[in-house]
Structure formats: C-alpha cells, structure tokens
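These notes are about the structure you will find just below.
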Amino acid sequence: MTQTLSRHEQTLLEKTSKRFTQCYDRRPSLAAIAPGRVNLIGDHTDYTDGLCLPFAIDRYVVLVAAPVDEPRITLCSSSSRDRQHIDLTERPLPTVGNWSDYIRGVIEGLAALDVPPTGLQIMIDSDLPSGAGLSSSAALEVGAAHLLLAATGKHLPTADIVSLAQQAEHRYAGVPCGTMDQFSVANGVHGALMMLDNRSLTADLVTPADEDLAFLVIDSGVKHDLSDGGYGARRADCEAAQVALGKSLRDVSVADLERAELGDVPRRRALHVVTENARVKDMVVALEHGDRELMAELMYAGHASLRDDFQNSVSEVDLLVALASDLHDEGVIGARMTGGGFGGAVIVPAIEAEVEHVAGVLTNRYAQATGINARTLVVHPSAGARSISEALNS
C-alpha cells in the first residue's frame, strides 16, 4: 500500500535519510515515524485507571535504517555526536545510562514477544523538543518498535507495542509511567483528540466543534527529567492513597476523600486525581459544544490543581500560565501545564487567527521576566506512529 505523507513529514524523512547517508555512506531502506503528544487535560491520572484527553501532534521522531550482516545495532542521532552500539548477543541487554537505553528496552520487549532483533544501522532525527513534556521518549520507543518490526517483516497488535514501550520506559529509563504517552503516540488520529480510559485502554475520539480552535505549545525552557524521583514519588503517594482507601482513585469521590483517614500529602495527590478525572469529562462536553468559557475554566482549574495539590509545577511554568490568562481578550482560551511536570511546556488553546499574535506577546513578556527565549509550536492533532519504508522510494 502506498503511504501518503504530509509535506512536513516528507521533508523530515528526506532530511533524516540524508543524515543517514552522511553517517553510514549508504542509503536507508527502512523508515518509521512517530509523533509527540500533548495532553489537553488529565495529567497524572493514567496510572490510577483514570481519564485523560491527549492527542498526537504534527511534530515527530523519524528513524531510518538499513540492515547489516552482524548481530549489532548502531545508532546515530542528529542530537548526539557519539554513535551508540548495541551488541545483540548480550542477554539481557544492559543499561548504559544514555538515550540508547530507550532502544535497548524496546529490543528486549520485542524479543520477549518472539521478535528477535536483527542487525541494523539506524539514524534518528526529530523536530520534537526533548524534555518539554511532549513525549519525545515515548515517540522514540514506539517509533523504534515500528522500525524494528519492519526490519523483521513481522507485525504486532498496537496494544502490544504500547505495552512493550511502556515497559521499556519502566525498566530501562527508570520512569514508572502510565500508558497515556505510548498509547497517544501509537494511536493518534488526524483531526481528533482521544478521551483515553486507562482502565480499559480504549479511547473515544473527540472532534472539536470550534473550527477556529488552535493549540499553542510553549516550552518553558526548564528541562524536566522524570527519572530524577519526583514523578515516582507522586505515583507512590497516589498508590498509598489507593491502599488506604481500598480502591482505585478512579472509583473515589471527593466525599470519600473527606471521610478517609489519609495523610495530608496523599490526600492532596488523590484530590488532584479525582477532580482531574471530572475535568476530563467536562472538557469533552466543552469541546463538543464549542464552549470556550468552560474550556478556559477547566484549563486554569487543572493547572491550579497540579500546582497546589500535586505540586509538580515550577515558577516559570506558573508564570507562562499567568501571562496567558492576561490575554483572554486577545484570543487565549485557557492555559495549563502539560506533561509530567517539573518543567516542560504549557498548552494554550487559542483562536486560530490570533495564535501567532498570542505566541509573540507571550514569548516577549516571558523573556522580559525570565531571560528565557521560549520556543513555541502551533500543533494539530496528527496520525499515530507507523512504518513509512515505502515512502523512501516514492
């Protein structure tokens, strides 16, 4: 089947292919693409069976490769000067403490599903900023799974790819994440958000009624590292609350929390999750009815909950949200942190015709206050990860 790429996707594929040739002095024969993701609302609900509202975005990780007749994978990346080598005769593959661990985790996950790896030379390129809360690691994992499957000629259900990518993050990157990132990257649909039920791992598509709606992502410039312990600590707090309550936070009400004997910290973490699940449902209604005022109310309430109860925001991100709220009359329809937190990005729904103006004003005021030149991206709901090997010859 002929694969159709957008002009942007085709340009990124061509650039990555040229870099492959520069690195290895040959042409690639395999390729895969994986989008990043933005979560509009529903952060830190996924590992307690909760709800969230993510979408894949039109910014990508692209991987191209060619086979070699030896049991080794060589990795080149546009963001790293050093080549990484993976000896496929080692079992299990060791962690080495750098970005290649994501690939190592995927290789192990595929091997456990009877998809043994083959020798490859790989080039990785991306226009997806890392450390900005846009799931660059999940895109790398899911994209690598598609590339490695293409190399073997085998197929796996998308649910298996999501699961093995999540386990790669757990075991090789040390991040006890839920499934939202990998699911969103793997299952994105052009033009639609996904209300993901993390208990059933099913999603309902949500198409905004407001055709003038755009999504602005602003990278605060504060890089987050979810393996540093803060993410794991928040998850442990939520799990402690679930143990004390005797049930999943998905099944808990605010009244339950008020009656329960919980410590202050687990209670606050749980309160965020419980109220965030409700906000996701309300946001679906707002999107489907084009209710901008309700959208804004939910966005700001969600950010306040992350800042005050979940305590995973930083001052720079809070400042961006506050600056955005000042532009309500100039096209802004709410703002909040997106992603795991502790830095990263803010998502700002805005009127399409005003989004460039909003981006300019926000970045200017943010730079004046912090000295940081924030990167902005206007993103749109995109298709999910897939093999695009046929496009190399189109």
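Here the structure is a predicted model, which is why all the values come from computation and not from measurement.
By the neighbour-count criterion of 12 heavy atoms within 6.0 Å, atom CZ of R26 is densely surrounded, having more than that number from other residues, nucleotides or ligands. More than 12 heavy atoms of other residues, nucleotides or ligands sit less than 6.0 Å from atom CZ of R267. No more than 12 heavy atoms of other residues, nucleotides or ligands lie within 6.0 Å of CZ in R7, so this atom counts as exposed by the packing criterion. Within 6.0 Å of NE2 on H8 lie more than 12 heavy atoms contributed by other residues, nucleotides or ligands. Other residues, nucleotides and ligands contribute only 12 or fewer heavy atoms inside 6.0 Å of the NZ atom of K281. Heavy atoms from other residues, nucleotides or ligands lying under 6.0 Å from CD of E261 number 12 at most.
The side-chain contact (heavy atoms from CB on, under 4.5 Å) test with I333 singles out one residue from R292, M299, E354, and that residue is R292. For the side-chain contact (heavy atoms from CB on, under 4.5 Å) test with L216, the passing option among V348, V332, V379 is V348; the others fail.
There is no path of hydrophobic side-chain contacts, each under 4.5 Å, that joins I41 to L205. Residues L196 and I57 do not share a hydrophobic cluster, clusters being chains of Ile/Leu/Val/Met/Phe/Trp/Tyr side chains in contact below 4.5 Å. One hydrophobic cluster, built from ILVMFWY side chains closer than 4.5 Å, cannot hold both I103 and V68; they sit in different ones.
Using modelled atom types and a 3.5 Å distance limit, the side chains of H44 and N312 yield a donor-acceptor pair. A donor and an acceptor atom, one from each side chain of S387 and H146, are nowhere located under 3.5 Å apart.
Atom OG1 of T363 sits about 10.0 Å away from atom CD of Q368, to the nearest 0.5 Å. For the atom pair CZ of R37 and CD of Q182, the computed distance is 9.5 Å after rounding to the nearest 0.5 Å. For the atom pair CG of D43 and OG1 of T338, the computed distance is 5.0 Å after rounding to the nearest 0.5 Å.
In this structure, R250 pairs ionically with D197, as a charged nitrogen and a carboxylate oxygen lie closer than 4.0 Å. Between K247 and D256 there is a salt bridge, since at least one side-chain N of the basic residue sits less than 4.0 Å from a carboxylate O of the acidic one. Salt-bridge annotation for D251 and R199: present, with a side-chain N of the basic residue lying under 4.0 Å from a carboxylate O of the acidic one. With respect to the salt-bridge test (charged N to carboxylate O, under 4.0 angstrom), the residues R235 and E239 qualify.
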side-chain contact (heavy atoms from CB on, under 4.5 Å) between L148 and T152, intermediate numbers included: CA-CA 7 Å; L148 294 167; T152 64; 5.8 Å; no
E293 and D291: CA distance, side-chain angles, deciding distance, side-chain contact (heavy atoms from CB on, under 4.5 Å) verdict: CA-CA 6 Å; E293 292 302 317; D291 189 335; 3.9 Å; yes
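N187 contributes a side-chain N or O that, together with a main-chain N or O of F183, makes up a donor-acceptor pair within less than 3.5 Å.
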